[in-house]
Protein chains: 2
Amino acid sequence: MITLEDLALKAGVSHSTVSRALADSPLVNPATKARIQNLAQEAGYQVNQVARNLKVRTTKTIGLVVPEVSNPFYPELIQQVADRAKLAGYSLQLHLSAADQESESACIASLAGNRADGILLVTGERGLIARSQVNSLVASGTPVVIMGWVEDAEHLDLVAGDDAAGGRELAYHLADLGHKRIVVLGKPPHRGVLDRMVGFSEALTERGIPLLPEMVIEVASEEEVRIGVSDLLKLPEPPTAIFAYQDSLAAVVYRQLEKEGLSIPNDMTVVGFDNLDLATYLSPELTTVGTHISPLTSAFVSLLVARIQGTYPDPTPQSIIVTPRLVVRASSAPPRSQLNLTDSIS
Amino acid sequence: MITLEDLALKAGVSHSTVSRALADSPLVNPATKARIQNLAQEAGYQVNQVARNLKVRTTKTIGLVVPEVSNPFYPELIQQVADRAKLAGYSLQLHLSAADQESESACIASLAGNRADGILLVTGERGLIARSQVNSLVASGTPVVIMGWVEDAEHLDLVAGDDAAGGRELAYHLADLGHKRIVVLGKPPHRGVLDRMVGFSEALTERGIPLLPEMVIEVASEEEVRIGVSDLLKLPEPPTAIFAYQDSLAAVVYRQLEKEGLSIPNDMTVVGFDNLDLATYLSPELTTVGTHISPLTSAFVSLLVARIQGTYPDPTPQSIIVTPRLVVRASSAPPRSQLNLTDSIS
DNA sequence: AAACCTATTGCAATCGTGTGCAGAAGTACC
DNA sequence: GGTACTTCTGCACACGATTGCAATAGGTTT
C-alpha cells in the first residue's frame with residue numbers, strides 16, 4: 001500500500017505538503033496542489049484511515065449492535081440505519097449480540113476497543129444486559145443510544161415505540177369488532193414486549209372484557225406455538241381472536257390455523273404487532289400495529305450523530321417515544337356466532 | 001480513555017512492560033504481570049485497537065458488502081457471515097452497496113481505506129461493478145472473495161450457486177407434472193439470475209416444451225408483477241404454471257393470484273428460486289429450488305479467512321460452485337384442464 | 001573473584017497521518 | 001537597501017500501541 005511518504009518522494013516535496021494538498025488546504029500552492037492530487041489519483045493512493053484515525057482521534061464509524069437478524073424487523077432497521085449513517089458520513093460496524101454467549105458485552109467491548117465514535121444498541125428479549133459497560137462508556141465520552149425496552153431508562157439516551165399504546169389500540173380494535181374471548185400469545189421472558197401485553201390487557205378490562213389466565217399463552221418455540229394454537233381450538237369455548245406479540249409469531253399462527261382447517265378472519269381473527277413488510281406478504285394481509293421503522297431509525301441515528309458532534313441542544317439523557325399506529329387489514333373481522341364456529345371445527 | 005502510559009505510571013513501570021504484561025508475555029515477571037493485569041482490570045483499560053492496528057498492520061476486520069437487505073436472502077446471509085466471522089476472530093464492517101450511487105466502488109474504497117483484512121463482496125443485479133478496484137485491491141494484497149454472478153470470473157475467488165442447474169431442476173419438475181404452458185417472470189437487467197432462466201429454458205426445450213416469447217415476462221416493480229400476472233390470465237390460453245426468478249417475486253405473484261380469485265396450486269402452479277425462509281411462510285408453502293445458504297456462507301468466509309492467513313493450499317483463484325436442491329412443497333401440482341381453468345376465471 | 005548466564009525491564013524506533021511552528025523565499029513599501 | 005509582510009514549505013512531534021535491542025541485577029560457574 002502506497003503512503004504519503006511515497007507520494008512525497010515522487011512529487012519531490014515533503015509528506016506534510018502532500019498531506020495538506022490532499023486535504024485541499026489553502027496553505028499549499030495551487031499549482032503543486034494540483035500536481036500532487038493528480039499524482040495521488042494515478043497512483044491509486046488510498047489514505048490509511050487507521051493511521052489517520054489514530055492521529056485525529058476519531059473514526060467516523062458508528063457501531064450497531066442488534067440481537068439477531070432472523071426476525072424481519074431487524075433487517076429493515078439495519079438497512080435504514082446504514083443509509084442514514086452513510087448520509088451523515090459514518091461507516092457501520094455491525095455486531096449481532098445474540099450470536100455468542102457474552103452477548104452484548106463482547107460487542108460493546110469490541111466497539112469500544114475499535115474506538116467507534118458512537119454506538120447504537122438495540123436491546124434483545126431480556127432488555128439491556130451490558131448496563132454497566134454502557135454507563136462507563138458514556139461516562140468516558142462515547143455516546144450510546146439505546147433502542148427498545150430497558151429497565152430504569154432515565155439515565156440513557158433512548159428511542160422506543162410506545163408499546164403500551166399500541167397494545168391498547170389493538171385491544172380497542174378487537175373490542176369494537178365484538179370479540180369477547182381473546183387470546184394473547186407471546187414469548188415468556190421477552191421483557192421488550194411486556195408493555196404490549198400490559199396496554200392490551202388494561203384496555204380490555206377498561207372495556208369490561210376479561211382476560212382469562214387460560215387465554216394467555218406463553219410460547220418459546222414455533223413448535224409450542226402450534227401446540228398452543230391447537231390446544232386452544234379444543235377448548236369448550238374456543239377464542240374468536242388471537243393477538244400475537246409479534247408479526248413473525250402471527251405468521252406461525254397462520255400456518256397452524258390453516259392446518260387445522262380454519263379460515264382467517266371468518267373462523268378466527270388474528271392480529272400481530274410490529275407492522276413489518278411480512279404483514280403484507282401473509283394471506284390474508286395481517287392487521288397489526290406498529291410504528292413505521294422510519295421515524296424510529298431517524299430519531300435513533302440523528303440523536304446519536306448529534307451527540308457525537310455535540311450539537312444536540314439538551315445535554316441530559318433523552319427518551320424519544322414514537323407512537324405506533326393501528327393498521328387494519330384483512331385478518332380481523334367480527335366474530336362468528338359460537339354455534340357456527342364449533343360446527344366448522346368438528 | 002486510559003492508555004498504556006497511564007497504567008505504566010500507576011504501576012511504576014514502563015509502558016513496554018505493561019504492553020507485554022497484558023499480552024501475557026513470558027518476558028515479564030509473573031508477580032508484576034499479575035499486578036499489572038489487576039490494575040488494568042480495575043481501571044477498565046481497553047486497548048486502543050486503532051493504535052494497535054497501525055502498529056501490527058492488521059485490523060482483524062472483514063468487510064461485507066451486500067446490495068441491500070430488503071430481499072430476505074441477504075439477512076440470512078449476513079447473520080451467518082457474522083457468526084462465522086466472529087468465530088474466526090473477525091469483526092464485520094457492513095456496507096450496503098445499493099444505498100448510494102457510487103455503489104460498490106464507494107464501499108470498497110472505504111474498506112480499503114480502513115484497511116480491512118479481507119473483503120466479502122456479494123454482487124447485485126448488475127454483477128460486479130467495481131471490477132478494476134477489486135483487481136487492484138487483490139493485486140496489492142487484500143484478499144477479496146465474491147459471491148454471486150460475475151462476468152468473466154476466472155481471475156477471482158468466487159462462491160456461487162449453480163443457478164443453471166437449479167433452473168433445470170425446476171423445469172424438469174414442471175414438465176414431469178405435465179405443464180405445457182409455462183411463464184417465466186423476472187427482473188430484466190438482473191444478470192445474476194440470467195443463468196436460472198437459461199437452465200430453465202434449455203431443460204424445457206429438451207423436453208419438447210416451447211417457451212413462447214409472450215410467456216417471458218420482464219417486470220421491474222411489484223406493480224408490474226401484478227399487471228403482468230393479471231394480463232396473463234386474460235390470454236386466450238392462459239398458462240398453467242409460473243416460474244418466478246426469486247422467492248420474493250413469487251410472494252407478489254401469490255398476492256395477485258389471490259386477488260384474481262385463483263387458488264394455488266389448483267388453478268395455477270407457482271414455483272420460485274432461492275429457498276428462503278419466506279418460502280415456508282407463504283401459504284401454500286412454495287415449491288422452490290436453492291442452495292442452503294449455509295454451505296454458501298461457509299465456503300465464503302472460510303475461503304476468505306484462509307486467504308487472509310495464507311493457509312489456503314492453492315494460490316490460484318478458486319471457483320466454488322454449490323449445487324442447489326429442488327424442494328417440492330404445496331404450490332406445485334399437475335395442471336387442470338383448460339376448460340376448468342377458463343371457467344374459474346370468468 | 002572474574003566471567004558468564006538468565007531473568008526482567010526500559011529505551012527507542014516504528015506504523016502513517018496531521019499540524020504547530022519556524023524558516024525560506026518572494027514581494028511591496030518607505 | 002532595509003524592513004515588514006505574505007506565501008509557501010519542511011521539520012519535528014504527537015497519536016498509542018508493539019517489539020528489537022541494550023541494560024541491569026542477581027545468581028552460577030570456574
Side-chain angles (χ1 to χ4, degrees), chain A residues 1-37 39-40 43-61 109-117 140-142, chain B residues 1-37 39-40 43-61 109-117 140-142:
Chain A
M1 279 278 164
I2 178 167
T3 73
L4 278 190
E5 197 59 51
D6 300 334
L7 284 183
L9 246 57
K10 276 192 202 170
V13 295
S14 77
H15 77 274
S16 330
T17 302
V18 178
S19 172
R20 281 189 268 255
L22 297 182
D24 203 26
S25 157
L27 284 181
V28 12
N29 187 313
T32 52
K33 187 193 289 189
R35 190 163 52 90
I36 292 175
Q37 287 172 344
L39 226 59
Y45 171 76
Q46 261 288 345
V47 61
N48 184 333
Q49 288 292 349
V50 4
R52 181 171 201 288
N53 292 344
L54 176 61
K55 179 63 190 174
V56 302
R57 313 172 70 83
T58 248
T59 57
K60 281 291 177 184
T61 288
S110 166
L111 289 170
N114 283 303
R115 297 297 187 269
D117 286 347
S140 79
T142 305
Chain B
M1 278 279 164
I2 177 166
T3 73
L4 276 191
E5 196 59 49
D6 300 335
L7 283 182
L9 248 56
K10 276 190 203 172
V13 295
S14 78
H15 73 277
S16 331
T17 303
V18 178
S19 172
R20 282 190 269 254
L22 296 181
D24 204 24
S25 156
L27 284 182
V28 12
N29 186 311
T32 51
K33 187 194 288 187
R35 191 163 53 90
I36 292 175
Q37 286 172 345
L39 226 59
Y45 171 76
Q46 262 286 347
V47 61
N48 185 333
Q49 288 292 348
V50 3
R52 181 172 200 286
N53 292 344
L54 175 61
K55 176 61 189 176
V56 302
R57 313 173 71 82
T58 249
T59 57
K60 281 292 179 182
T61 289
S110 166
L111 289 170
N114 283 302
R115 298 298 189 267
D117 287 346
S140 79
T142 304

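Here is how names work: the chains are called A, B, and so on, in the same order as the sequence lines, proteins then strands, and each is numbered from 1.
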Please check if the side chain of B:Arg57 supplies one atom and the backbone of B:Leu54 the other of a donor-acceptor pair under 3.5 Å.
no

Between the main-chain N or O of B:Gln49 and the side-chain N or O of B:Asn53, is there a donor-acceptor pair closer than 3.5 Å?
yes

Does A:Arg52 use its side chain to pair, donor to acceptor, with the backbone of A:Val47 at less than 3.5 Å?
no

On DNA chain C, check which nucleotide each of B:Gly12 and B:Ala51 is closest to and give me the residue with the more 5' one.
B:Gly12

Under a 4.0 Å N-O cut-off, is there an ion pair linking A:Asp24 with A:Lys33?
yes

Got a donor-acceptor contact below 3.5 angstrom from the B:Asp117 side chain to the B:Lys60 backbone?
yes

Interface polar pairs with nucleotides 12-14 of chain C, N/O, under 3.5 angstrom:
unit_1 : atom_1 : unit_2  : atom_2 : d
C:dA12 : N6     : B:Ser16 : OG     : 3.4
C:dT14 : O2     : B:Lys55 : NZ     : 2.8

Using whole Å, report how far CG of A:Asn48 lies from C1' of D:dC15.
13 Å

Within the supplied structure, the quantity of interest is the number of heavy atoms (other residues, nucleotides, ligands) at a distance under 6.0 Å from A:Lys10 NZ; does it exceed 12?
no

To the nearest 0.5 Å, tell me how far B:Thr17 OG1 sits from B:Leu22 CG.
10.5 Å

Taking the side chain from B:Asn48 and the backbone from B:Val50, do they hold a donor-acceptor pair closer than 3.5 Å?
yes

Could you report the tightest heavy-atom contact between B:His15 and B:Leu4, atom names first, then the distance?
O-CD1, 4.1 Å

I want to check one thing: is the phosphate of C:dG16, taken as OP1 and OP2, less than 4.0 Å away from some side-chain N or O of A:Tyr45?
no

Nearest to the side chain of A:Arg20, which nucleotide is it out of D:dG16, D:dA17, C:dT19?
C:dT19

Can you see if the side chain of A:Arg52 gets near the phosphate of C:dG16 - specifically, an N or O under 4.0 Å from OP1 or OP2?
no

Are the side chain of B:Asn114 and the backbone N or O of B:Ala116 linked by a donor-acceptor pair below 3.5 Å?
no

At under 4.0 Å, does any side-chain N or O of A:Thr3 touch on OP1 or OP2 of C:dG16?
no

Describe the nucleic acid contact of A:Val50 in one word from base, sugar-phosphate, nothing, applying a heavy-atom distance below 4.0 Å.
nothing

Rounded off to whole Å, could you give me the CG-to-P distance for the A:Asp6 and C:dT17 pair?
8 Å

Quick check: closest heavy atoms across B:Ala11 and B:Ile36, and the distance to 0.1 Å?
CB-CG1, 4.2 Å

Minimum heavy-atom distance between B:Ala21 and B:Val28, given as atom pair plus value:
N-CG1, 3.8 Å

Given that B:Ser14 and B:Val56 both sit by DNA chain C, which one's nearest nucleotide is further toward the 5' end?
B:Ser14

So, OP1 or OP2 of D:dG16: does either fall under 4.0 Å of a side-chain N or O from A:Arg57?
yes

Do any N or O atoms of the protein come closer than 3.5 Å to N or O atoms of nucleotides 5-8 of chain C, and which pairs are they?
none

Any base atoms under 4.0 Å from A:Leu4, or only sugar-phosphate, or nothing? Heavy atoms, all strands.
sugar-phosphate

Rounded (10°) bend between the five-pair end axes of the helix from C:dA1-D:dT30 to C:dC30-D:dG1:
70°

Spacing of A:Leu54 atom CG relative to C:dT19 atom C1', expressed in whole Å
14 Å

How close or far is atom P of D:dG16 from atom CG of A:Asn53, stated in whole angstroms?
13 Å

Would you kindly give the CG-to-P distance between B:Leu22 and D:dA17, to the nearest whole Å?
9 Å

Figure out the CZ/P separation between B:Arg115 and C:dG16, and round it to whole Å.
8 Å

